[in-house]
Amino acid sequence: MARILLRSLLAIYLLFNHQVRSADYGVGFDLALDYGVASVYFSNGTAVNIAKIPGGPAYKQMMRATEVLDGRATAYHTWFGDILEVGTGAAQAFLGLRSLGDLLSLRLGSRDTHSQSLSRMLKALKTATESYLEASISAAEVVVPFPISDAYLDILRSTCFSLSLHMPMSAQPPAGILAARAHGMVGKCNIVTRDKGSEQGQADDPMQLILTVDYTQAALTALLVVEECGVFEYRRVLHDTSLGVDGLSGGSDTNRGDLVRALQSFTRLPLEDDNGGELERMSNLVLLGESAGDQRLHDVLKDVLGERFYRLATTVSGEHTKNIDPLYAASRGVAEDCWDRLEDQSKRAQVD
């Protein structure tokens, strides 16, 4: 009994000690449809891209289980009340659903099968990260390109737990938002103080409308994101597996036209804000994913956005330059988010 008690006390000590030291870095995993990537963010503001792990057949099938309409790609209906356009290749339809769970839980299939394939990917990313850090990790945050259902989140959380990885109770936003954070597209709000009836302090940064495009061999995933005072909310989501690089590999004018029409419809403005006003212009453009540099994508974006493309591209490569590899943009952003959380926990532990 004494030996068991001693082991328990030692485990508690090691866990607490590791949590405090974990604030030195945060770990982030980005799970794309065909692969996963890992990054580490350090307390000094630097980040390291750890590895890209190709997914096996079971993993790829699991990540595609989030499609609806008999496997045809779809746009996800967000909780902001808009009925979003559904992309089905050349055809277009409209779909109204009550919640994200209605979409993503339709084809989750066998929980055990998905958990096993997810476990293999997360274990590989964890092992690669621990090899670089030369230390065990007990906390990581995970992001995927699209909004996830409660059912998927439960599988993700239980799989992380089985690998001795702790993650937040709530789901991370889609990868595009984390990539925007990594690029520093975070507005600031200043505290306004009043002294003898006069206001002091600078005005808040204006609300931003950000277009993120996650482009891979497997899919196109785009978000229209509203940012204000560091709070990001996605208003439109387009996730289409027929418009990835593989889907357009034929290079026909018809395929290119599908991509143009999908993005034209998706980026149509104005967009209503929460205050009854309208957002009529985009502030920033974020390209991420393994195929973010694809020339066809850039040519299509030029056609769709016109002169705005050059202004937005200049914004990304100028004001927000951080030399971030698009492949690791989301994992870097979620690693920073992980560090923020661990840093807050360690400070609270030290105070207590």
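Numbering of residues begins at 1 and proceeds along the displayed sequence.
Hydrophobic cluster membership is shared by V144 and L163, with clusters built from Ile, Leu, Val, Met, Phe, Trp and Tyr side chains linked at under 4.5 angstrom. Under a hydrophobic clustering in which Ile, Leu, Val, Met, Phe, Trp and Tyr are joined whenever their side-chain heavy atoms come within less than 4.5 Å, directly or via other members, M62 and F146 fall into the same cluster. Side-chain heavy atoms closer than 4.5 Å link hydrophobic residues (I, L, V, M, F, W, Y) into clusters, and following such links, possibly through other members, connects L288 to V225. Residues L31 and L178 do not share a hydrophobic cluster, defined by chaining ILVMFWY side chains whose heavy atoms lie under 4.5 Å apart. Linking Ile, Leu, Val, Met, Phe, Trp and Tyr whenever their side-chain heavy atoms come within less than 4.5 Å puts L122 and M63 in one cluster.
Contact between L223 and P174 at its shortest, heavy atoms only, is CD1-CB, 3.7 Å. Minimum heavy-atom separation, L33 to T241: CD2-CG2, 3.9 Å. Listed here is the closest heavy atom pair of S291 and L297: O-CD2, 4.4 Å. Contact detail for V260 and V304: the closest heavy-atom pair is O-CG2, 3.8 Å. The nearest pair of heavy atoms linking L224 to F266 is CD1-O, 3.4 Å. When all heavy atoms of C338 and A140 are compared, the closest pair comes out as SG-CA, 4.1 Å.
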Between V286 and L211, does a side chain to side chain contact (heavy atoms under 4.5 Å, CB included) hold up when you go through it step by step? CA-CA 6 Å; V286 180; L211 170 63; over 6 Å; no
Given side chain to side chain contact (heavy atoms under 4.5 Å, CB included), test V334 with D30 step by step and report yes or no. CA-CA 8 Å; V334 77; D30 176 18; 5.9 Å; no
Can you check side chain to side chain donor-acceptor pair (under 3.5 Å) on T159 and S119, steps first, answer last? CA-CA 6 Å; T159 303; S119 178; over 6 Å; no
Show your working on side chain to side chain donor-acceptor pair (under 3.5 Å) between S138 and H166 and close with a plain yes or no. CA-CA 6 Å; S138 62; H166 301 279; 5.4 Å; no
Could you go through the side chain to side chain contact (heavy atoms under 4.5 Å, CB included) check for M121 and F29 one step at a time? CA-CA 10 Å; M121 173 59 75; F29 301 151; over 6 Å; no
Quick one: do M282 and R308 satisfy side chain to side chain contact (heavy atoms under 4.5 Å, CB included)? Show the steps, please. CA-CA 8 Å; M282 294 180 192; R308 292 179 297 170; 4.2 Å; yes
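With values rounded to the nearest 0.5 angstrom, S331 atom OG is found 12.5 Å from E141 atom CD. Here the OH atom belonging to Y310 is positioned 13.0 Å from the CG atom belonging to L285, to the nearest 0.5 angstrom. Interatomic distance, I210 CD1 to N284 CG, rounded to the nearest 0.5 Å: 5.5 Å. If you take SG on C160 and CG on L165, they are separated by 5.5 Å, rounding to the nearest 0.5 Å. Put simply, CG on L248 and CG on D258 are 8.0 Å apart, with the number rounded to the nearest 0.5 Å. To the nearest 0.5 Å, atom CD of residue E307 and atom CZ of residue R311 are 10.5 Å apart.
The closest side-chain heavy-atom distance from L287 to P326 is not below 4.5 Å. Side-chain atoms of L156 and V142, non-hydrogen and from C-beta on, do get closer than 4.5 Å to each other. Side-chain atoms of L209 and L269, non-hydrogen and from C-beta on, do get closer than 4.5 Å to each other. Between Y215 and L301 there is no side-chain heavy-atom pair separated by less than 4.5 Å. Under the 4.5 Å side-chain criterion, counting only non-hydrogen atoms from C-beta, M167 is in contact with R157. Between Y234 and P147, some side-chain heavy-atom pair lies under the 4.5 Å cut-off. Using a 4.5 Å heavy-atom cutoff, the side chains of L279 and P270 are not in contact. T129 places a side-chain heavy atom less than 4.5 Å from the side chain of V40.
For the side-chain hydrogen bond (donor to acceptor under 3.5 Å, both in side chains) with D303, the lone residue among Q264, R256, H298 that qualifies is R256.
Taking a 6.0 Å sphere around CD of Q295, one finds it holds more than 12 heavy atoms contributed by other residues, nucleotides or ligands.
One finds no salt bridge joining R341 and D344 here, because no Lys/Arg side-chain nitrogen approaches an Asp/Glu carboxylate oxygen to under 4.0 Å. Salt-bridge check for K126 with E130: passed, with a basic side-chain N closer than 4.0 Å to an acidic carboxylate O.
With sequence neighbours excluded, the residues that form a side chain to side chain contact (heavy atoms under 4.5 Å, CB included) with Y132 are F42, V48, I50. For the side chain to side chain contact (heavy atoms under 4.5 Å, CB included) test, residues two or more places apart in sequence or in another chain that qualify with K52 are Y35, V37, E290, L327, Y328.
A distance-only check finds no donor-acceptor pair linking the side chain of S265 to the backbone of R261 [under 3.5 Å]. Without hydrogens or angle criteria, E227 side chain to G230 main chain gives a donor-acceptor distance under 3.5 Å. A donor-acceptor contact shorter than 3.5 Å is absent between the side chain of R332 and the backbone of A329. No donor-acceptor distance shorter than 3.5 angstrom exists from the side chain of T127 to the backbone of A124, with no hydrogens or angles considered.
When only modelled atom types and interatomic distance are considered, D337 and Q172 share a side-chain donor-acceptor pair under 3.5 Å.
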